[in-house]
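Take a look at the structure set out below.
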Amino acid sequence: MGRVVVEVMPKPEILDPQGKAVVGALPRLGFTQFTGARQGKRFELEVEGDVTPEVLAAAREAAETLLSNPVIEDVVRVADASAEAAEVSA
Amino acid sequence: MSAGTLDTTLDEARIGVITFPGTLDDRDAARAVRLAGGEPVSLFHADGDLQGVDAVVLPGGFSYGDYLRAGAISRFAPAMDALVDAAKGGMPVLGICNGFQILTEAHLLPGSMIKNEHLHFVCREQVLAVENADTAWTHRYEAGQHITIPLKNQDGQFVADERTLDELEGEGRVAFRYVGWNPNGSRRDIAGITNAAGNVVGLMPHPEHAVEAGFGPDGPDGPRSGTDGLGFFTSVLASLVHA
């Protein structure tokens, strides 16, 4: 089974009320070094078999049409999850 | 001009109200249509047939629990495919609250709604200025008229890039603006907008909750006497009669 990771973030020029609430809460726990926070979304799309270039292309299209709204969000990453795991362990 | 019920018999004017999973205000919208003198027609999101209605209301609520983004999943319902075509052909469409969010997700209206700036759910009687009194849903109001209708939302902050906002202002497509207090951080106090043709209108506040004395916001005639929302529905019925 293959898995594609899609990450979506609010556009830089769009105020992120949730990120603002998070950065407001951090100092209460002693995390005073963080001056900003932005909150996005991560999707994991599963497919039968391998993540082929066709699967990645379809994931990219799904990311642009359904998973994000281009008015307020950017798709920042569409990647094969197994490649991602390799990156992390490297 | 009065925003009261029309004198003309409008038995032939049929206004569809689409119900999605998680819609809450479909029955209130149907009631508003009836009180204005039209015939409400219940439509279902999974049915691509609009049953020949003359106009459509997308009511408020939390379709699909606001999962993904408010209105994002409803936008792909079979009824929406039919609606987008009909709206492009000039059929009047009103999106209220979640219905407005669905219209932006469907790209029938520009911009989008994000979480309220203060992160709180807000529920209040809200004063609006009618900025554009030439649309299918507002022509029985006067330009600049102040109306009071309920507002209740969590994701009500209207956002768009500066170019889009300038276009909306320049083309007179800001239909409603918040007066007195901006309840959610919406850019330029925008409460509702229209498309260029004036047949598609969306707003966050709820006109369908202010259509019958005894059940609306406080008004000049006493508590709960406000019926300022009725004009939306009498407007569209009048535009259908004269179409």
Side-chain angles (χ1 to χ4, degrees), chain A residues 3-29 31-32 34-47 55-79 81 84, chain B residues 63-77 80-81 84 98 100-122 153-168 182-190 193 195 202:
Chain A
R3 200 158 10 123
V4 180
V5 169
V6 175
E7 289 174 0
V8 173
M9 289 297 290
K11 278 186 185 296
E13 66 270 25
I14 297 280
L15 175 83
D16 173 18
Q18 294 179 106
K20 214 171 95 186
V22 169
V23 82
L26 286 169
R28 275 178 251 149
L29 298 171
F31 298 110
T32 51
F34 302 114
T35 55
R38 295 182 71 76
Q39 180 178 324
K41 292 175 185 151
R42 173 188 166 105
F43 301 87
E44 297 184 356
L45 306 175
E46 292 175 5
V47 288
V55 164
L56 275 177
R60 233 168 260 127
E61 197 184 334
E64 301 290 344
T65 50
L66 176 65
L67 303 182
S68 73
N69 177 346
V71 175
I72 50 171
E73 295 167 322
D74 291 324
V75 178
V76 294
R77 183 175 165 79
V78 178
E84 183 185 57
Chain B
S63 61
Y64 292 95
D66 276 354
Y67 293 169
L68 190 59
R69 297 175 303 277
I73 298 177
S74 299
R75 172 255 179 280
F76 294 99
M80 284 303 296
D81 291 338
V84 169
N98 191 218
F100 182 20
Q101 292 159 340
I102 295 170
L103 289 177
T104 61
E105 285 285 340
H107 309 303
L108 282 174
L109 291 174
S112 185
M113 258 63 63
I114 63 172
K115 223 161 269 305
N116 293 345
E117 193 174 26
H118 47 67
L119 295 168
H120 297 291
F121 186 91
V122 60
N153 65 63
Q154 168 101 32
D155 288 17
Q157 181 180 175
F158 179 76
V159 295
D161 60 43
E162 287 298 310
R163 200 174 126 249
T164 304
L165 292 169
D166 288 342
E167 266 175 30
L168 286 171
N182 181 336
N184 44 33
S186 290
R187 296 294 172 283
R188 305 191 192 183
D189 300 333
I190 291 172
I193 56 177
N195 67 348

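What you are looking at is a predicted structure, and each value in this text was computed from that prediction instead of being measured. Naming convention: chains lettered A, B, ... in sequence-line order (proteins, then strands); numbering from 1 in each chain. Side-chain atoms are counted along with the backbone in the values below, which use heavy atoms only and exclude waters and symmetry mates.
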Of all residues at least two apart in sequence or in a different chain, which pass the side-chain contact (heavy atoms from CB on, under 4.5 Å) check with A:Ala62?
none
When the 4.5 angstrom heavy-atom criterion is applied to B:Ile114 and chain A, the contacting part is side chain
So what's closer than 4.5 Å to chain B heavy atoms on A:Leu66: side chain, backbone, both or neither?
both
Name the member of B:Ala160, B:Gly185, B:Gly111 that forms the most heavy-atom pairs with chain A at distances under 4.5 Å.
B:Gly111
Pairs of donor and acceptor atoms under 3.5 Å between chain B and chain A, please, with atom names and distances.
unit_1   : atom_1 : unit_2  : atom_2 : d
B:Leu68  : O      : A:Lys41 : NZ     : 2.5
B:Arg69  : NH1    : A:Leu66 : O      : 3.1
B:Arg69  : NH1    : A:Leu67 : O      : 3.1
B:Arg69  : NH2    : A:Leu66 : O      : 2.9
B:Glu105 : OE2    : A:Asn69 : ND2    : 3.2
B:Ser112 : OG     : A:Asn69 : ND2    : 3.3

